[in-house]
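Not measured: the values here are computed from a predicted model.
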Amino acid sequence: MAKKEQIHLKTLREQVYDYLRLAMNRGDLVPGASVNLNEISEKLGISKTPLRFALLQLENEGFVTIIARRGCVVKPLTLEEIRNIYQIIGALEGSVIRFNFDKITPAVTEKMLRFNQQARAALEEDDFSRYYDNNLKFHNCYLHLCRNELLIHSVTILKNRLYDFPRKKWHIKEWEVNSTGEHVDFIRFLEEGRYKEAADYIRDVHWSYEVQEQFAKQYYT
């Protein structure tokens with residue numbers, strides 16, 4: 001007898017959260033703008049309760065600021081916050097390498113190499129969306145080797161904050177080309193079994209704000 005597939009339906013709060021995140025991604029809700037609860041609840045045909053719950057989640061993730069008796073504002077992404085996000089992602093991704101190096105098989109590094117090549121090819125065609133997707137897949141090759149779902153969720157939210165707030169229509173090609181080159185160096189460390197150096201490299205170079213600062217300032221300011 002065939003096993004029945006389970007269907008997971010999203011709650012109203014989750015649907016409202018997705019709606020707000022998409023609005024931020026598209027630039028409909030821009031950093032610094034007030035979130036009009038009356039307008040959104042009327043547009044969606046819902047009460048303010050699921051909207052408030054969704055906004056609380058977004059505040060916990062750093063996307064909005066709720067001000068008592070004054071409403072809710074989309075939180076701007078400052079260079080200081082970017083610096084902090086880089087430090088956290090670098091530390092977390094480095095720890096994944098340190099504690100899961102025994103799971104990084106040739107099959108894993110081959111997959112990473114393939115995604116990096118596809119990311120580089122997307123840059124040659126100025127297709128930033130395809131580059132971004134392959135870049136995420138590259139990092140997920142080793143991130144998902146760990147069983148720490150909280151770590152993976154935290155890194156995912158932080159990357160969403162960096163790249164989907166809103167998703168820009170342009171990119172700095174030199175920065176992304178450099179990034180794919182760093183990926184090659186990182187893969188080489190892994191292939192040679194130099195896992196400590198690989199972990200240090202992902203933290204101290206690839207996710208170092210000081211190393212990436214000149215490009216970060218161009219992109220975010």
Side-chain angles (χ1 to χ4, degrees), residues 3-93 95-96 128-137 139-140 143-171 207 209 216 219-221:
K3 185 178 180 180
K4 292 183 180 179
E5 293 186 7
Q6 293 183 343
I7 298 176
H8 300 281
L9 299 177
K10 289 188 175 182
T11 64
L12 181 57
R13 182 176 67 180
E14 290 172 329
Q15 293 178 61
V16 175
Y17 171 88
D18 289 344
Y19 170 83
L20 293 172
R21 279 293 313 279
L22 182 60
M24 292 179 184
N25 182 281
R26 291 189 306 229
D28 298 337
L29 287 174
V30 298
S34 296
V35 180
N36 190 320
L37 274 67
N38 291 326
E39 182 180 301
I40 294 175
S41 62
E42 183 177 340
K43 182 177 181 179
L44 298 180
I46 60 172
S47 71
K48 293 179 184 176
T49 300
L51 181 55
R52 289 193 180 99
F53 276 118
L55 289 172
L56 282 172
Q57 182 177 347
L58 287 168
E59 183 179 46
N60 288 335
E61 295 173 353
F63 289 95
V64 302
T65 300
I66 297 174
I67 307 171
R69 296 181 295 279
R70 291 179 58 189
C72 179
V73 176
V74 180
K75 186 178 178 182
L77 184 62
T78 65
L79 289 176
E80 182 61 27
E81 185 175 3
I82 293 167
R83 181 193 299 273
N84 293 337
I85 289 174
Y86 269 51
Q87 183 179 16
I88 295 169
I89 294 177
L92 293 177
E93 290 202 357
S95 72
V96 170
F128 182 63
S129 291
R130 185 155 57 91
Y131 162 81
Y132 176 71
D133 290 341
N134 280 287
N135 183 58
L136 284 181
K137 290 176 181 177
H139 287 271
N140 285 341
L143 272 176
H144 287 278
L145 294 176
C146 81
R147 297 184 181 277
N148 189 332
E149 294 298 327
L150 180 59
L151 183 153
I152 295 171
H153 176 73
S154 298
V155 170
T156 299
I157 292 300
L158 290 172
K159 288 182 178 179
N160 288 341
R161 182 104 173 96
L162 285 176
Y163 302 128
D164 289 346
F165 195 62
R167 175 74 67 86
K168 295 183 184 293
K169 305 300 181 183
W170 57 277
H171 63 282
W207 286 110
Y209 179 81
Y219 188 74
Y220 290 105
T221 60

Side-chain touch [X]/[Y], heavy atoms, less than 4.5 angstrom:
X      : Y      : value
Phe53  : Leu12  : no
Ile66  : Arg52  : no
Leu162 : Ile89  : yes
Leu58  : Met24  : yes
Leu77  : Ile85  : yes
Glu80  : Arg83  : yes
His171 : Tyr131 : no

>> Which residues pass the salt bridge (charged side-chain N to carboxylate O under 4.0 Å, His left out) test with Lys48, not counting sequence neighbours?
In response: none
> What residues form a salt bridge (charged side-chain N to carboxylate O under 4.0 Å, His left out) with Glu61, not counting sequence neighbours?
Replying inline: none
> About how many Å separate OG1 of Thr78 and OH of Tyr220, when rounded to the nearest 0.5 Å?
Replying inline: 11.5 Å
> Is atom OH of Tyr163 surrounded by more than 12 heavy atoms (other residues, nucleotides or ligands) closer than 6.0 Å?
Replying inline: yes
> In this structure, which one of Asp28, Leu44, Leu51 forms a side-chain contact (heavy atoms from CB on, under 4.5 Å) with Tyr19?
Replying inline: Leu44
All N/O donor-acceptor pairs, side-chain side in residues 150-158, below 3.5 Å, sequence neighbours left out:
residue	atom	partner	partner atom	Å
Ser154	OG	Leu150	O	2.8
Thr156	OG1	Ile152	O	2.8

>> Run the side chain to side chain contact (heavy atoms under 4.5 Å, CB included) test on Phe63 and Arg21 for me, step by step, so that the C-alpha distance in whole Å, both residues' side-chain angles and the decisive distance to 0.1 Å come before the verdict.
In response: CA-CA 9 Å; Phe63 289 95; Arg21 279 293 313 279; 4.1 Å; yes
>> Set out, in order, the CA-CA distance, both residues' side-chain angles and the distance that settles side chain to side chain contact (heavy atoms under 4.5 Å, CB included) for Leu37 and Leu55, then state yes or no.
In response: CA-CA 10 Å; Leu37 274 67; Leu55 289 172; 3.8 Å; yes
>> For a side chain to side chain contact (heavy atoms under 4.5 Å, CB included) check, start with the C-alpha distance between Val16 and Leu20, then their side-chain angles and the critical distance, and finish with the verdict.
In response: CA-CA 6 Å; Val16 175; Leu20 293 172; 4.2 Å; yes
